[in-house]
Q: 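What follows is a single structure, and I will ask about it in a moment.
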Amino acid sequence: MDVTRPATRIVSATERDVPLVLQMIKDLAEYEQMSDEVTATEDGLRATLFGARPAAEVVIAFAGETPAGFALFFQNFSTFVGRPGLYLEDLFIRPEWRGHGIGRELLAHLAKITVDRDYGRFEWTVLDWNEPAIGFYKKLGAVPLDGWTIFRVSGDALTRLAGV
């Protein structure tokens with residue numbers, strides 16, 4: 001029997017979706033072998049995503065009525081381009097929905113947001129070992145940035161740097 005995939009619907013997350021968003025963050029961390037690094041909580045996400053000054057936006061892809069994936073993104077800025085950009089922090093498709101075009105639909109949705117907001121570019125990072133994702137992104141026209149290394153300061157190092 002040939003089963004047709006339900007239509008995809010992409011919607012902006014609301015405060016009611018926080019438990020689902022947190023679960024998908026945990027699922028993504030498990031896939032990336034980084035579960036021990038997740039310290040996010042529902043209360044923290046509720047405050048930072050839907051509080052007085054939201055730090056990021058989330059869209060959720062549904063296959064029919066079933067949550068199939070999500071993207072969390074925020075505005076950044078390029079001094080060279082002189083315009084804001086869209087930075088994709090996380091993209092996750094649940095394993096059972098991979099290979100059905102939902103990841104492409106989410107990225108196309110974010111590309112449209114980028115264009116509609118007159119942003120200069122759309123960027124993200126990918127783990128070096130994630131060859132399936134790298135190949136997928138290249139097929140969409142994304143190019144890796146040679147010569148760049150990501151740096152991060154967190155935890156005690158951040159506190160020391162801040163002098164507190």
Side-chain angles (χ1 to χ4, degrees), residues 1-50 54-76 84-117 119-146 148-150 152 154:
M1 178 167 97
D2 183 26
V3 178
T4 307
R5 177 176 69 85
T8 304
R9 177 173 51 94
I10 299 173
V11 299
S12 294
T14 67
E15 200 169 335
R16 288 186 320 270
D17 297 313
V18 166
L20 172 62
V21 171
L22 180 57
Q23 184 56 56
M24 286 205 244
I25 289 169
K26 289 178 178 179
D27 293 346
L28 170 63
E30 182 179 325
Y31 173 74
E32 293 182 338
Q33 303 165 19
M34 301 171 81
S35 293
D36 58 331
E37 295 187 30
V38 176
T39 60
T41 65
E42 286 185 21
D43 287 342
L45 289 176
R46 195 169 287 107
T48 56
L49 296 176
F50 302 102
E57 299 173 64
V58 178
V59 291
I60 301 172
F62 289 86
E65 296 304 311
T66 304
F70 86 111
L72 186 145
F73 61 97
F74 52 88
Q75 178 183 303
N76 62 7
L86 189 145
Y87 186 83
L88 172 61
E89 177 67 23
D90 285 325
L91 174 71
F92 179 72
I93 306 301
R94 289 185 159 161
E96 63 271 25
W97 293 106
R98 292 181 191 149
H100 293 278
I102 296 171
R104 186 188 192 300
E105 290 179 64
L106 272 170
L107 288 169
H109 183 84
L110 296 177
K112 182 165 180 7
I113 290 171
T114 303
V115 170
D116 289 350
R117 294 180 184 179
Y119 289 176
R121 56 189 178 197
F122 173 22
E123 299 177 305
W124 62 91
T125 59
V126 61
L127 292 167
D128 291 339
W129 60 259
N130 195 344
E131 289 297 330
I134 291 168
F136 171 65
Y137 298 146
K138 285 180 177 179
K139 285 180 186 173
L140 296 177
V143 293
L145 298 178
D146 293 329
W148 290 85
T149 300
I150 298 170
R152 176 178 297 156
S154 62

Q: For a 4.5 angstrom cut-off between non-hydrogen side-chain atoms, does Ile134 reach Asp128?
A: no
Q: Are side-chain heavy atoms of Val59 and Phe73 found at a separation under 4.5 Å?
A: yes
Q: When rounded to the nearest 0.5 angstrom, what distance separates OH in Tyr87 from CG in Asn76?
A: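 With rounding to 0.5 Å, OH (Tyr87) is 8.5 Å from CG (Asn76).
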Q: What residue pairs, at least two apart or across chains, pass side-chain hydrogen bond (donor to acceptor under 3.5 Å, both in side chains) with a residue in residues 40-49?
A: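 Sorted result for residues 40-49: Asp43-Arg46.
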Q: Applying salt bridge (charged side-chain N to carboxylate O under 4.0 Å, His left out), name anything that partners Glu131, two or more places apart in sequence or on another chain.
A: none
Q: Can you pull out every salt bridge (charged side-chain N to carboxylate O under 4.0 Å, His left out) where at least one residue sits in residues 99-117? Sequence neighbours excluded, please.
A: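 Output for this query lists Arg5-Glu105, Glu57-Arg117, Lys112-Asp116.
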Q: Could you pull out all residues at least two apart from Tyr137 that satisfy side-chain hydrogen bond (donor to acceptor under 3.5 Å, both in side chains)?
A: none
Q: Without swapping roles, check the side chain of Arg9 against the backbone of Ala61 for a donor-acceptor pair under 3.5 Å.
A: no
Q: Who pairs with Glu30 by side-chain hydrogen bond (donor to acceptor under 3.5 Å, both in side chains), at least two apart in sequence or on another chain?
A: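 Residues passing side-chain hydrogen bond (donor to acceptor under 3.5 Å, both in side chains) with Glu30: none at all.
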Q: Would a 4.5 Å heavy-atom cut-off, applied to side chains only, mark Pro132 and Trp129 as touching?
A: no
Q: State the CG-CG distance between Leu72 and Leu88, to the nearest 0.5 angstrom.
A: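 Rounded to the nearest 0.5 Å, the CG-CG separation comes out at 8.0 Å.
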Q: Would you call Thr8 and Phe62 a side-chain contact if the rule is heavy atoms closer than 4.5 Å?
A: no
Q: Are any side-chain N or O atoms of Asp90 and backbone N or O atoms of Ala71, one a donor and one an acceptor, separated by less than 3.5 Å?
A: no
Q: Taking C-beta and beyond as the side chain, do Val143 and Lys138 meet within less than 4.5 Å on heavy atoms?
A: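 Contact flag for Val143/Lys138 side chains = no.
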Q: Hey, are Gln75 and Tyr119 close enough side-chain-wise for a donor-acceptor pair under 3.5 Å?
A: yes
Q: Would you call Ile10 and Ile60 a side-chain contact if the rule is heavy atoms closer than 4.5 Å?
A: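 No, every pair of side-chain atoms sits at 4.5 Å or beyond.
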Q: Does CD belonging to Glu15 count more than 12 external heavy atoms closer than 6.0 Å?
A: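 More than 12 within 6.0 Å, yes.
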Q: Would you say that Arg98 contacts Phe92 through its side chain, given a criterion of any heavy-atom pair below 4.5 Å between the two side chains?
A: yes
Q: Taking atom CG of Leu127 and atom OH of Tyr31, what is their separation to the nearest 0.5 Å?
A: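 Rounded to the nearest 0.5 Å, the CG-OH separation comes out at 9.0 Å.
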Q: With heavy-atom distances below 4.5 Å as the criterion, would you say the side chains of Leu91 and Trp124 are in contact?
A: no
Q: If you compare all heavy atoms of Ala55 against all heavy atoms of Phe74, which two are closest, and at what distance to 0.1 Å?
A: O-CB, 3.4 Å
Q: With a cut-off of 3.5 Å and sequence neighbours excluded, list every side-chain donor-acceptor pair involving residues 16-29.
A:
unit_1, atom_1, unit_2, atom_2, d
Asp17, OD2, Thr14, N, 2.8
Asp17, OD2, Thr14, OG1, 3.3
Gln23, NE2, Asp27, OD1, 2.8

Q: Working to the nearest 0.5 angstrom, can you tell me the gap between Leu145 CG and Thr125 OG1?
A: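 The distance works out to 10.5 Å.
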Q: Could you tell me which non-hydrogen atom of Pro6 sits nearest to which non-hydrogen atom of Gly64, and how far apart they are?
A: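 Taking Pro6 first and Gly64 second, the nearest heavy atoms are CB-N, 3.3 Å.
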Q: If the threshold is 4.0 Å, N to carboxylate O, is there a salt bridge linking Arg121 and Glu123?
A: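 Looking at Arg121 and Glu123, the cut-off is met.
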